[in-house]
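So you know, we letter chains A, B, ... as the sequences are listed, proteins then strands, and number each from 1.
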Protein chains: 2
Amino acid sequence: MTETEHANLPAESIRSRTGRELRAVALAQFASVGFAATSLQHIADAAGFSKSSVLYHFASKEAILTEVLTPAIDHLEKILDRFVAEPDSVESRKYFVGDFIDFVLHYRFELHTFINQGQSLVGIEVVDRARALVVRLAASICDEQASVEDRLRFGIALGGAAYTLVAGMTYLDDDLAADDDLRPALVTVLTELLAPVSHTLSRKQP
Amino acid sequence: MTETEHANLPAESIRSRTGRELRAVALAQFASVGFAATSLQHIADAAGFSKSSVLYHFASKEAILTEVLTPAIDHLEKILDRFVAEPDSVESRKYFVGDFIDFVLHYRFELHTFINQGQSLVGIEVVDRARALVVRLAASICDEQASVEDRLRFGIALGGAAYTLVAGMTYLDDDLAADDDLRPALVTVLTELLAPVSHTLSRKQP
DNA sequence: ATCGTAGCTGTCCGATCGGTCAGAATCTGC
DNA sequence: GCAGATTCTGACCGATCGGACAGCTACGAT
């Protein structure tokens with residue numbers, strides 16, 4: 001954002017600025033140490049506010065999670081809807097993989113949160129919605145007669161991508177890489193992983 | 001275990017039987033809902049004992065985690081030691097992937113626990129030991145000049161396998177498959193994922 | 001029968017947690 | 001400047017947590 005652009009924008013309200021900061025801090029903590037291990041006090045401390053201030057802006061801890069995850073889940077739903085609306089083809093597969101990778105790169109922390117903690121967060125509406133989307137995603141990539149290997153390929157692609165962009169970063173000496181470097185590599189690896197699966201697909205879940 | 005074998009074994013002591021049951025229940029819960037979200041009371045309820053009984057058998061919650069994870073980490077260390085002790089070759093790689101897959105299949109819940117919750121459990125000695133092993137594993141598969149794609153391949157292989165055998169099972173209609181079916185599929189997929197990496201390796205970490 | 005020990009339990013404790021609420025501080029529009 | 005609204009805060013609450021500890025029961029050895 002250049003100085004010129006800044007001058008043309010309305011000043012951000014305190015409420016939306018504080019809310020934005022709190023959401024960012026919360027998401028980072030949910031993704032790194034988990035929802036259960038993230039306390040409101042930790043979020044408050046990391047953002048430089050009081051716990052009461054956190055609760056002024058969000059009705060509850062769960063409400064924070066909902067606000068933090070909803071944009072990602074909305075987006076996933078959108079690209080999945082588009083994918084299943086088209087007749088299955090190598091082209092539509094390819095297009096979807098591209099969409100999915102952009103999604104993963106953009107919403108890596110959200111993805112990591114609901115993928116790796118989904119089981120402990122069952123019953124929370126936004127997480128249940130995410131889980132339903134994953135089931136639908138699985139069904140659109142692997143049909144009911146999918147082989148063990150196909151299912152593994154899907155699971156490894158999804159879980160591996162979710163893991164390696166977030167948790168995996170803590171195991172390597174450096175940050176993983178810039179998105180510009182990651183994207184082509186992800187395309188290569190995920191395309192390769194899922195390529196055999198595409199040859200066995202007989203139908204797509206609507 | 002046949003009846004004959006049973007007759008030749010000393011009766012299991014109450015202590016070791018109770019301890020075994022508690023460990024099994026704890027591991028299942030640590031892997032499914034996470035360490036932080038698993039309470040001693042939950043473990044006790046699931047195993048049919050009181051919380052005090054849990055603490056009679058284990059000094060603390062952390063002590064349970066240590067006892068539960070140590071066998072897996074010992075085993076991972078062993079196969080990794082063996083791998084790095086040999087000169088790098090396609091053969092030793094192949095052998096290691098086989099060892100690793102057996103490890104993953106046998107210790108899937110332990111792996112899932114320390115892979116996906118490592119960050120929230122930093123500072124716990126057994127987890128730090130596991131994390132150090134993963135760093136060492138990464139270094140033995142990817143050298144310092146590893147490409148972005150190689151690192152991704154490693155991360156997706158590790159994180160994906162850890163995820164799909166545990167959490168991934170909750171997203172599919174059925175249990176994934178028997179180990180006899182899983183193993184060859186894992187060999188295929190992980191070998192394929194890591195095959196390009198093997199061609200770029202220049203040295204192994206001792 | 002008696003004693004010591006293993007195994008188990010309920011009660012209690014201090015700490016932490018998510019959340020409530022009243023009040024103070026700051027901001028905004030007139 | 002003033003009043004009202006917004007934002008922020010500290011004190012407090014009940015619930016849950018990991019863990020300490022005393023006490024009970026059952027069992028095996030003498």
Side-chain angles (χ1 to χ4, degrees), chain A residues 9-30 32-69 113 117 120-127, chain B residues 9-30 32-69 113 117 120-127:
Chain A
L9 290 174
E12 189 175 15
S13 75
I14 289 178
R15 178 151 199 161
S16 59
R17 208 202 84 205
T18 304
R20 181 172 47 78
E21 286 177 359
L22 291 173
R23 280 193 297 275
V25 164
L27 176 59
Q29 295 205 10
F30 292 159
S32 74
V33 304
F35 183 74
T38 299
S39 67
L40 295 176
Q41 191 60 61
H42 283 148
I43 294 170
D45 292 340
F49 293 98
S50 69
K51 187 179 69 164
S52 301
S53 199
V54 175
L55 288 168
Y56 171 77
H57 287 268
F58 302 94
S60 64
K61 189 178 177 188
E62 191 173 303
I64 304 176
L65 186 67
T66 298
E67 285 205 32
V68 155
L69 292 187
T113 299
Q117 296 169 53
S120 65
L121 305 175
V122 165
I124 300 182
E125 191 258 321
V126 69
V127 175
Chain B
L9 290 175
E12 189 175 18
S13 76
I14 289 176
R15 177 152 199 158
S16 59
R17 209 201 85 209
T18 304
R20 181 170 49 76
E21 287 178 1
L22 291 174
R23 279 193 299 276
V25 163
L27 175 58
Q29 294 207 10
F30 292 158
S32 74
V33 303
F35 182 75
T38 299
S39 66
L40 294 175
Q41 192 61 59
H42 283 147
I43 294 170
D45 292 339
F49 292 98
S50 69
K51 189 180 69 163
S52 301
S53 199
V54 176
L55 287 170
Y56 171 78
H57 287 268
F58 301 95
S60 63
K61 188 179 177 187
E62 193 174 303
I64 303 176
L65 186 68
T66 298
E67 285 204 31
V68 156
L69 293 187
T113 299
Q117 294 168 56
S120 64
L121 305 174
V122 164
I124 299 182
E125 192 256 321
V126 69
V127 174

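In this structure the side chain of A:Val126 never reaches within 4.5 angstrom of the side chain of A:Leu121, judged on heavy atoms. Within the 4.5 Å cutoff, the side chain of B:Phe49 has no heavy atoms near those of the B:His57 side chain. You'll find the side chain of B:Thr113 stays beyond 4.5 Å of the side chain of B:Phe35, heavy atoms only. By the 4.5 Å heavy-atom criterion applied to side chains, B:Gln41 and B:Asp45 are counted as neighbours. Side-chain atoms of A:Leu69 and A:Val127, non-hydrogen and from C-beta on, do get closer than 4.5 Å to each other.
Taking every heavy atom of both residues into account, B:Glu62 and B:Ile124 meet most closely at CG-CG2, 3.7 Å.
When the C1' atom of C:dT20 is taken as reference, atom CD of A:Gln41 falls 15 Å away, rounded to whole Å. In this structure, the CG atom of B:Leu65 is 13 Å from the P atom of D:dG18, given to the nearest Å. Atom CD1 of A:Ile64 is separated from atom C1' of C:dG18 by 10 Å (rounded to the nearest Å). Whole-Å rounding puts the B:Gln29 CD to D:dG18 P distance at 11 Å. Look at CZ on B:Phe49: it is 22 Å from P on D:dC24, rounded to the nearest Å.
Residues from residues 50-63 of chain B lying near DNA chain D, meaning a heavy-atom separation below 4.0 Å, are B:Lys51, B:Ser52, B:Leu55, B:Ser60, B:Lys61 in numerical order.
For D:dC8, one of the phosphate oxygens OP1 or OP2 lies less than 4.0 angstrom from a side-chain nitrogen or oxygen of A:Thr18.
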